[in-house]
A.B. asks: 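This is the structure, below, for whatever I ask next.
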Amino acid sequence: MASNGSVAPSHVDISFPVNRPTQPGEWTPELDTKLRAREASNVQTKSVDAITLEFFPGGKRSLVGIAVRAFCLGCAAVFGFLMTALLAYHGSQFWRPCFFLGTLSIFHFLEFYTTAGYNTPGAFVSSFLLTNGTQYRIAHGMAFIETFITTYFFPKWQTRVSTPSVIALGIAMIIVGQVVRSVAMAQAGTNFNHKVQSRKKEDHELVTNGLYAYFRHPSYFGFFWWGIGTQVMLGNVVSFLGYTGVLWWFFSQRISHEEKHLIGFFGHDYEVYKKTTRVWIPFI
């Protein structure tokens with residue numbers, strides 16, 4: 001009996017390895033270490049999925065950043081299209097910039113949504129393309145300014161230039177361009193990237209099915225005609241000319257640069273593919 005009145009245990013509680021030798025032999029520190037390591041390797045521990053820092057605020061995959069941008073784009077789209085309907089109903093030409101706002105919001109949301117759905121490893125906060133360069137922001141800013149100026153100061157001239165048939169054509173170009181771009185991104189999957197790749201990835205494949213059987217660069221085709229369509233819808237003459245010239249120059253340079261890498265990646269296969277498809281951007 002112990003000094004405190006409790007019953008002493010009938011055996012000494014000594015921790016021994018479970019996988020002790022069945023045959024008696026000399027017990028050495030080396031053997032003890034070996035058996036304990038074997039025992040530890042057989043113990044199953046509950047693993048906890050680690051979350052990398054890039055998912056935290058400020059990271060390139062920040063969940064907060066993604067949620068905030070998606071929410072704001074959704075609000076902008078709803079506001080833009082509701083104001084479009086309201087102003088058009090009351091006969092105000094100011095429905096045009098509102099429709100442009102809604103269209104831009106849908107475009108940027110779909111850039112991330114399509115990337116996240118079909119190219120998940122490549123989905124970053126930057127995939128919204130909201131930080132798509134100074135020239136990109138200037139172009140859209142000038143488009144807004146022009147449509148506000150013509151709507152407020154020259155409404156009659158704008159009405160003559162932008163007839164209902166022209167507006168319908170612009171909206172059709174926007175829809176076709178957006179659908180083609182989003183479908184192309186989905187069909188390319190992990191082979192699509194917003195930045196031209198200078199090194200071939202292990203899983204990088206030459207996509208030749210779907211839209212890629214007819215368009216060599218369907219995502220560029222979609223963006224080119226989407227951008228021009230927005231200016232046709234707005235009735236912006238100056239911005240229409242500017243968009244056409246800048247987009248043509250941008251894609252001619254980008255396609256030339258990208259195809260040099262694609263020939264290096266896929267060699268003869270891309271040369272054959274190139275002969276059977278077209279870019280479908282004028283003069284490219």
Side-chain angles (χ1 to χ4, degrees), residues 69 72-73 75-77 79-81 83-84 93-115 124-154 157-158 161-162 166-167 169-182 184-185 192-196 217-258 279-284:
R69 286 164 176 78
C72 291
L73 287 172
C75 291
F79 173 80
F81 290 131
M83 289 301 297
T84 297
Q93 294 296 322
F94 279 101
W95 67 264
R96 299 170 190 266
C98 294
F99 189 84
F100 187 38
L101 173 63
T103 299
L104 273 175
S105 301
I106 293 296
F107 170 80
H108 286 289
F109 172 77
L110 287 177
E111 285 297 295
F112 178 84
Y113 179 84
T114 309
T115 302
F124 301 95
V125 174
S126 60
S127 298
F128 283 103
L129 293 189
L130 291 171
T131 55
N132 204 21
T134 303
Q135 294 178 341
Y136 181 83
R137 292 190 291 271
I138 291 175
H140 289 326
M142 293 300 297
F144 272 112
I145 292 173
E146 182 178 354
T147 191
F148 273 114
I149 290 175
T150 53
T151 300
Y152 188 80
F153 293 103
F154 311 102
W157 179 84
Q158 185 184 56
V161 172
S162 184
V166 172
I167 295 173
L169 173 63
I171 294 176
M173 293 170 67
I174 292 171
I175 294 173
V176 170
Q178 182 66 74
V179 169
V180 170
R181 180 169 176 83
S182 296
M185 291 173 61
F192 181 87
N193 200 296
H194 283 117
K195 296 181 179 180
V196 176
H217 298 282
S219 64
Y220 297 163
F221 166 90
F223 187 87
F224 180 84
W225 292 106
W226 174 89
I228 295 177
T230 59
Q231 302 313 297
V232 173
M233 178 273 300
L234 290 173
N236 287 346
V237 176
V238 176
S239 293
F240 169 79
L241 296 175
Y243 268 58
T244 303
V246 171
L247 287 175
W248 179 88
W249 179 85
F250 173 78
F251 283 122
S252 64
Q253 296 296 314
R254 185 179 178 96
I255 288 172
S256 176
H257 175 64
E258 182 174 346
V279 178
W280 289 102
I281 295 176
F283 313 114
I284 297 179

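These numbers were taken from a predicted model, which means no experiment stands behind them.
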A.B. asks: If I compare all heavy atoms of F81 with all of G102, which pair ends up nearest, and what's the gap?
C.D. replies: CZ-C, 3.5 Å

A.B. asks: Listed by chain and number, what are the side-chain hydrogen bond (donor to acceptor under 3.5 Å, both in side chains) partners of S162, not counting sequence neighbours?
C.D. replies: R96

A.B. asks: Kindly say whether Q253 contributes a backbone atom to a donor-acceptor pair with the side chain of S256 at under 3.5 angstrom?
C.D. replies: no

A.B. asks: Determine the interplanar angle of the F94 and Y152 rings, folded into 0 to 90°, and report it as parallel if under 30°, tilted if 30 to 60°, perpendicular if over 60°.
C.D. replies: tilted

A.B. asks: Check the pair V279 / F251 against side-chain contact (heavy atoms from CB on, under 4.5 Å), numbers first and verdict last.
C.D. replies: CA-CA 10 Å; V279 178; F251 283 122; over 6 Å; no

A.B. asks: Do I174 and M233 make a side-chain contact, defined as non-hydrogen atoms from C-beta onward lying under 4.5 Å apart?
C.D. replies: yes

A.B. asks: If I compare all heavy atoms of M83 with all of C98, which pair ends up nearest, and what's the gap?
C.D. replies: CB-SG, 3.6 Å

A.B. asks: Hey, what's the ring geometry for F112 with F128, parallel, tilted or perpendicular (30° and 60° as the breaks)?
C.D. replies: parallel

A.B. asks: Find the distance between CD1 (I284) and CD1 (I255) and round it off to the nearest 0.5 Å.
C.D. replies: 5.0 Å

A.B. asks: So, does E146 use its side chain to make a donor-acceptor pair with the main chain of S239 at under 3.5 Å?
C.D. replies: yes

A.B. asks: How far apart are the closest heavy atoms of L130 and R137, and which atoms are they?
C.D. replies: O-NH1, 4.2 Å

A.B. asks: Can you name the residues that form a side-chain contact (heavy atoms from CB on, under 4.5 Å) with T114, not counting sequence neighbours?
C.D. replies: L110, Y118, S182, M185, A186

A.B. asks: Going from OG1 on T103 to CD1 on I106, what distance comes out if it is rounded to the nearest 0.5 angstrom?
C.D. replies: 8.0 Å

A.B. asks: Starting at CD1 of I149, measure out to CZ of F154 and round the result to the nearest 0.5 Å.
C.D. replies: 8.0 Å

A.B. asks: Please report the closest heavy-atom contact between F100 and A143, naming both atoms and the distance.
C.D. replies: CE2-CB, 3.8 Å

A.B. asks: Please name the pair of heavy atoms, one in L104 and one in F144, separated by the smallest distance, quoted to 0.1 Å.
C.D. replies: CD1-CE1, 3.8 Å

A.B. asks: Between the side chains of Q93 and T151, does any donor sit under 3.5 Å from an acceptor?
C.D. replies: no

A.B. asks: Which of parallel (below 30°), tilted (30 to 60°) and perpendicular (above 60°) describes H217 and Y220?
C.D. replies: parallel

A.B. asks: Measure from the side-chain N and O atoms of Q178 to the backbone N and O of W226, and report whether any donor-acceptor pair falls under 3.5 Å.
C.D. replies: no

A.B. asks: Atom CG of L73 and atom CD of E111: how far apart are they, to the nearest 0.5 Å?
C.D. replies: 11.0 Å

A.B. asks: Check M173 against V232 and note the closest heavy-atom contact, atom names and distance.
C.D. replies: SD-CG2, 4.3 Å

A.B. asks: Name all residues meeting the side-chain hydrogen bond (donor to acceptor under 3.5 Å, both in side chains) criterion together with H108; count only those two or more places apart in sequence or in a different chain, and write none if there are none.
C.D. replies: Y136

A.B. asks: If we ignore hydrogens and angles and just use 3.5 Å, is the side chain of N236 paired with the main-chain N or O of V238 as donor and acceptor?
C.D. replies: no

A.B. asks: What's the separation between atom OG1 in T230 and atom CH2 in W225, rounded to the nearest 0.5 Å?
C.D. replies: 12.5 Å

A.B. asks: Looking at side-chain heavy atoms only, is the closest gap between W248 and F224 below 4.5 Å?
C.D. replies: yes

A.B. asks: Could you grab the distance from atom CD1 of I228 to atom CD1 of I281, nearest 0.5 Å is fine?
C.D. replies: 8.5 Å

